2 protein chains.
Amino acid sequence: MDNRSNILQVATELFASHGYDAVGVQQIASDAGVTKPTLYHYFNSKQGLFETLIKEKSEPLISDLREVSRYQGDITKSITDVTQFYFEYLDREPTFYRLILMTRFMPPSSDVYDIVTQVQHQQFDLLQQLFKDATEDHGNMRGRHRWYAVSLLGTIDTYIVMSLQGYIHLNEPHRVYRIVHQFMHGIFS
Amino acid sequence: MDNRSNILQVATELFASHGYDAVGVQQIASDAGVTKPTLYHYFNSKQGLFETLIKEKSEPLISDLREVSRYQGDITKSITDVTQFYFEYLDREPTFYRLILMTRFMPPSSDVYDIVTQVQHQQFDLLQQLFKDATEDHGNMRGRHRWYAVSLLGTIDTYIVMSLQGYIHLNEPHRVYRIVHQFMHGIFS
DNA sequence: TAAAAACTATACCGTTCGGTATACATATTG
DNA sequence: CAATATGTATACCGAACGGTATAGTTTTTA
């Protein structure tokens, strides 16, 4: 592996394990087997490293989600596909997803606030579009797009966070059904 | 104000604004108008300071939530009261609540992981108890207590986070109705 | 009132922080 | 092949990190 990719990979793991502020550049360089000036050569700064990492690794996430969230006339299927997608993404990219979860509420003072907020809003926007497109078939959703997007992704993420903490257990394939069913039909059915 | 309280207050604000790892002890001491040994006199360590802060400030949150979440035969009212409670808490203690939100997914490697996870689980446990108590009147909730607790609080928190990011707008009193209605009845009504 | 406890400070510790200057090595280009 | 571009290193910078030793001050207690 080339140094650039190696540094990105190591940084992802360290940031995901400890958070952006708790990981130093020297640690990343050491673990990647290079020196700091080498790291700075590629990324210019710690912030640059993090931003590069987030941009490059979120791109496939966003483009895949764009495909998955495309409304095709069946809202149940779309919501199920989206929910399934996130769990599969967690299984496929556990490290990066943990990092994403960790940045859900980042202080605006952080020098990487903009990039993480951007990735978040991209996700929410795609889900919102799903609900917008579904409005033709489900008029009651009118005006609630953002709310539903926030509610759906917020719920998925909280389930995942709580399962990572051992508070709940997500067993295949119950997890998807459970979330989707409750999201769509509430708690009385 | 005595130094101890002053330090706690300043620390809360700084941690809420920047996160635990991005705030140094020297900064807290300076802003509180004391020196580091004074701070260490009261709290022994940075971790001790944070833990004291979380414990003392979460206690009223937990005990108030315990009152509010007590099921009294009307599940709609309980869920509404809980939701209302969180928004009121946000209005009453915006700084500490931001800090709580920021710790929703903390790396297990953090030396304050235990204390923040404990406060979280306390909240979820209280909500879970609410759904357990409601099971007598709503048998369909059986076995779903944890899921509903996670879903409700996760949704509330995500709404709040996204409103703090300017993604959605929470206007009195729509916000409570919206969340409660969707949580209870789903997206088709 | 003297001793003990609680409180507060100055100065210091070794390590780490993000970043930089300079030099050297390797690969590419004309 | 020499010059340029790209890549990698050693050594260094000032500031900040969490924490500590020691001394002084104030309050409390017997």
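Computed from a prediction, not measured in an experiment: that's the story for all the values here. Reckoned from all heavy atoms, side chains included, excluding hydrogens, waters and symmetry mates. Order of the sequence lines sets the chain letters (A, B, ...), proteins ahead of strands, with each chain counted from 1.
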Residues 130-137 of chain A, side-chain donor-acceptor partners within the protein, below 3.5 Å, at least two apart:
residue : atom : partner : partner atom : Å
A:D133  : OD1  : A:Q129  : NE2          : 2.9
A:T135  : OG1  : A:F131  : O            : 2.9
A:T135  : OG1  : A:K132  : O            : 3.1
A:T135  : OG1  : A:H145  : NE2          : 3.0
A:D137  : OD2  : A:Y71   : OH           : 2.6

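- Between the side chains of A:D114 and A:Q118, not a single donor N or O lies within less than 3.5 Å of an accepting N or O.
- One atom, CG of B:L39, and another, C1' of D:dC17, lie 14 Å apart when rounded to the nearest Å.
- Summarising the geometry, the separation between CZ on B:F43 and P on C:dC7 is reported as 11 Å, rounded to the nearest angstrom.
- Checking A:T38 against A:T35 by side-chain atom types alone, a donor-acceptor pair falls below 3.5 Å.
- The side chain of B:N3 contributes an N or O atom lying less than 4.0 Å from OP1 or OP2 of C:dT8.
- B:Y167 and A:F124 have tilted rings, their planes meeting at an angle from 30° to 60° on a 0 to 90° scale.
- At least one side-chain heavy atom of A:Y148 sits less than 4.5 Å from a side-chain heavy atom of B:Q182.
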Discussion item. For nucleotides 10-22 of chain C, give me one character per nucleotide, 5' to 3': B if any protein heavy atom sits under 4.0 Å from the base, S if the only such contacts are to the sugar-phosphate, - if neither.
Written reply: B------SBBBB-

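- Atom NE2 in B:H18 sits about 15 Å away from atom C1' in D:dA16, given to the nearest Å.
- Checking the phosphate oxygens (OP1, OP2) of C:dA9, a side-chain nitrogen or oxygen of B:T38 falls inside 4.0 Å.
- Between the CD atom of B:E51 and the C1' atom of D:dG18 there is a distance of 15 Å, given to the nearest Å.
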Which atom pairs, one a donor and one an acceptor, fall under 3.5 Å between side chains of residues 17-24 of chain A and the rest of the protein, sequence neighbours left out?
residue : atom : partner : partner atom : Å
A:S17   : OG   : A:E13   : O            : 2.9
A:H18   : ND1  : B:S109  : OG           : 2.8
A:Y20   : OH   : A:D111  : OD1          : 3.0

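- Among the nucleotides D:dA9, C:dC7, D:dT6, the one closest to any side-chain atom of A:H41 is D:dT6.
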